[in-house]
Structures are given as C-alpha cells and as structure tokens.
Amino acid sequence: MLGPVDVVAPSLLGCWVVTDRPEGQVALRLTEVEAYSGEGQDPASHAHRGPTPRAEIMFGPPGRLYVYFSYGVHWCANVVVGPEGRGSAVLLRAGDIVLGEEVARARRPAARVARDLARGPARLTQALGIGPYDRGLDLLAPESPVRLHHGSAPATVSAGPRVGISQATELPWRFWETGAPSVSVFRAGGTGRGGKRPGRRAGQDGAP
DNA sequence: GCATTGATCTTCT
DNA sequence: GAAGATCAATGCA
C-alpha cells in the first residue's frame, strides 16, 4: 500500500473489494485501475492543487476510501496510497462481480449483461453501493463495511494512457488485466472518444 | 454499431 | 463562467 503510486496501482489488480450492506454482500475483483499522484507532476490529479475540501481525504493515511462526485451525476471511488500528506490515490475503474451479483443487478438495472455491472468507475461504485456516506472509510479494517482483500494477481497486466482526462495524457498510468472483458470498451487513448470530443458542453443556452 | 446530448456538483479563472 | 478522473438514452446508418 506504500510506495510510488504507479507501482502500487497495478498491484491492486486482482484484489477484491467487498461491501457489506443490509441488502446483501457484494464482492468485486479489480480488473482496471488508474494512478493519480499528488506529488506535483500530475496536473490531472484532484490533489494537484492541494488539499481542497473535496480532495482532503487523499492527503490522509493510506488505505482510506476517497469518494468524489463527478459531472454532477456520478460517484467515483479511489483508494488512498502512500504516506499521509502526499495525496496519491488509485481510481477504481472496473472489475468483475464475483459475489452478490443479484444485489449488484438490483442497483444497476441499466446493465444488461454481467460485464456491464462494474465496467467504468461510476458503474463500479454504484454496483458496490458505495456513496458519499463512505468517505474516509478504512478499507483495511476488518469491521469496515467496505474492505479491500488480497486476491489472485492477473497473469498479465497491460499499461496505457489514462481515460477521460486532457492533461498529462502521456503518462501510462492506467493498468488493466490483459484480456479482461470488463475493460474492453476503454480503448487506449486516441482511437476512442477519449481524445476527440470538441465542444461537448452543449445545452443550456438553447432557450427559445 | 456509432455519434450526440442531457444531467448538474466542485473547483478554478 | 467554464471545464472536468462519466454514464445512459436517443437518433441515425
């Protein structure tokens, strides 16, 4: 859990994220993550500007859960890594549901096949039932309702550019299990919609 | 299949 | 005021 974030991040692949809720237990095996450094060389990180009220969890002790609200609609989950004060974290991007699929399906009615249950950071968070009430939870504590467990490391790990950002896109800080179906939709930078989406900030001004 | 668009919070300019 | 670590519904081929 300690060390450079781009070294710790791929070591989380294959780990299990387990959530215990009244409606049931859900376990997920991580297949895709992204590293975000707080050390200043990473302008795409929320920690780049320092400990704002939103990102202050990132500067806390390692093993904590950083949850943030994205695009006014979605919640995304990160694991804080590195020592206190550094501000490095790993974004949980995708995984495979291994326990409690029925509970996850109930939370994600839009998912038509199992692969879609946790394909993408906001979907993963929703399938696990993680929300703002979980901010700052200790993922390493046995009594925590959201926990991180060691699992089987993937046979092969791939690395490539991060998705959905416009700065520091050259850093190969996205890591995924090679061949995992739950990450296939995220094509390595450039070929997909990631790189070429001009002026997508529409709406709003179209009032008659 | 693929491209477009709405939703609407946090932070910076 | 504008952009962002996004998703899902819609329209068209």
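Values in this document were obtained by computation on a predicted structure and should not be read as measured data.
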On DNA chain C, compare the nucleotides closest to A:Ala89 and A:Arg112; which residue's is nearer the 5' end?
A:Ala89
How many whole angstroms separate atom CD of A:Glu34 from atom P of C:dG4?
15 Å
Atom CG of A:Leu124 and atom C1' of C:dC7 are separated, to the nearest Å, by 14 Å
Integer-rounded Å distance: C:dA8 C1' and A:Gln126 CD:
11 Å
So if I take every side-chain heavy atom of A:Val163 and compare against C:dT6, B:dT13, C:dC7, which nucleotide ends up nearest?
C:dT6
Can a side-chain donor-acceptor contact be found between A:Thr178 and A:Ser158 if the only test is distance below 3.5 angstrom?
yes
Suppose you measure atom P in C:dT10 against the same atom in B:dT8; what distance do you get, rounded to whole Å?
16 Å
Compare the aromatic ring of A:Tyr36 with the six-membered base ring of C:dA5 and state whether they stack according to the 5.5 Å and 30° rule.
yes
Report yes if the ring of A:Tyr71 lies under 5.5 Å from the six-membered base ring of C:dT6 with planes under 30°, and no otherwise.
yes
Would you say C:dC7 has OP1 or OP2 under 4.0 Å from some side-chain N or O of A:Ser70?
no
Watson-Crick or G-U wobble partner for C:dC12, using a 3.5 Å limit on both distances?
B:dG1
Counting just side-chain N and O atoms, does A:Thr52 come under 4.0 Å of either OP1 or OP2 of B:dT11?
yes
Look at the side chain of A:Tyr68 and decide which nucleotide, out of C:dA5, B:dC9, C:dC7, has an atom nearest to it.
C:dA5
A:Leu91 has an atom CG; how far is it from atom C1' of C:dT6, in whole Å?
11 Å
Over all strands shown, is A:Arg108 touching base, sugar-phosphate only, or nothing at heavy-atom distances under 4.0 angstrom?
sugar-phosphate
Would you mind checking if A:Arg108 and A:Asp116 are paired as a salt bridge, meaning a charged N to carboxylate O distance below 4.0 Å?
no
Rounded interatomic separation in angstrom, taking CZ from A:Arg54 and C1' from C:dA3:
11 Å
Between C:dA5 and A:Arg174, is there an OP1 or OP2 to side-chain N/O distance shorter than 4.0 Å?
no
If I take atom OG1 from residue A:Thr19 and atom CG from residue A:Leu139, how far apart are they, to the nearest 0.5 angstrom?
11.0 Å
Determine the interatomic distance between P on B:dA3 and the same-named atom on C:dA5; round to the nearest Å.
22 Å
Once you apply a heavy-atom cut-off of 4.0 Å, does A:Ala122 come out as touching a base, just sugar-phosphate, or nothing?
sugar-phosphate
Nucleotide B:dT10, atom P - distance to OH of A:Tyr66 in whole Å
11 Å
Do A:Trp173 and A:Val80 belong to the same hydrophobic cluster, where Ile, Leu, Val, Met, Phe, Trp and Tyr are linked whenever their side-chain heavy atoms lie under 4.5 Å apart, directly or via other members?
no
Please state how far atom CE in A:Met58 lies from atom C1' in C:dA5, giving the value in whole angstrom units.
10 Å
Can you say whether the rings of A:Phe69 and A:Trp75 are parallel (under 30°), tilted (30 to 60°) or perpendicular (over 60°)?
tilted
Can you measure A:His46 atom NE2 to B:dT10 atom C1' for me and round it to whole angstrom units?
9 Å
Measure from the side chain of A:Val73, starting at C-beta and using heavy atoms only, and say which of B:dA7, C:dA5, C:dG4 lies closest.
B:dA7
Partner of C:dA5 under the Watson-Crick or G-U wobble criteria, both distances under 3.5 Å, comes out as none
Any chance the side chains of A:Ser182 and A:Asp96 put a donor and an acceptor closer than 3.5 Å?
yes
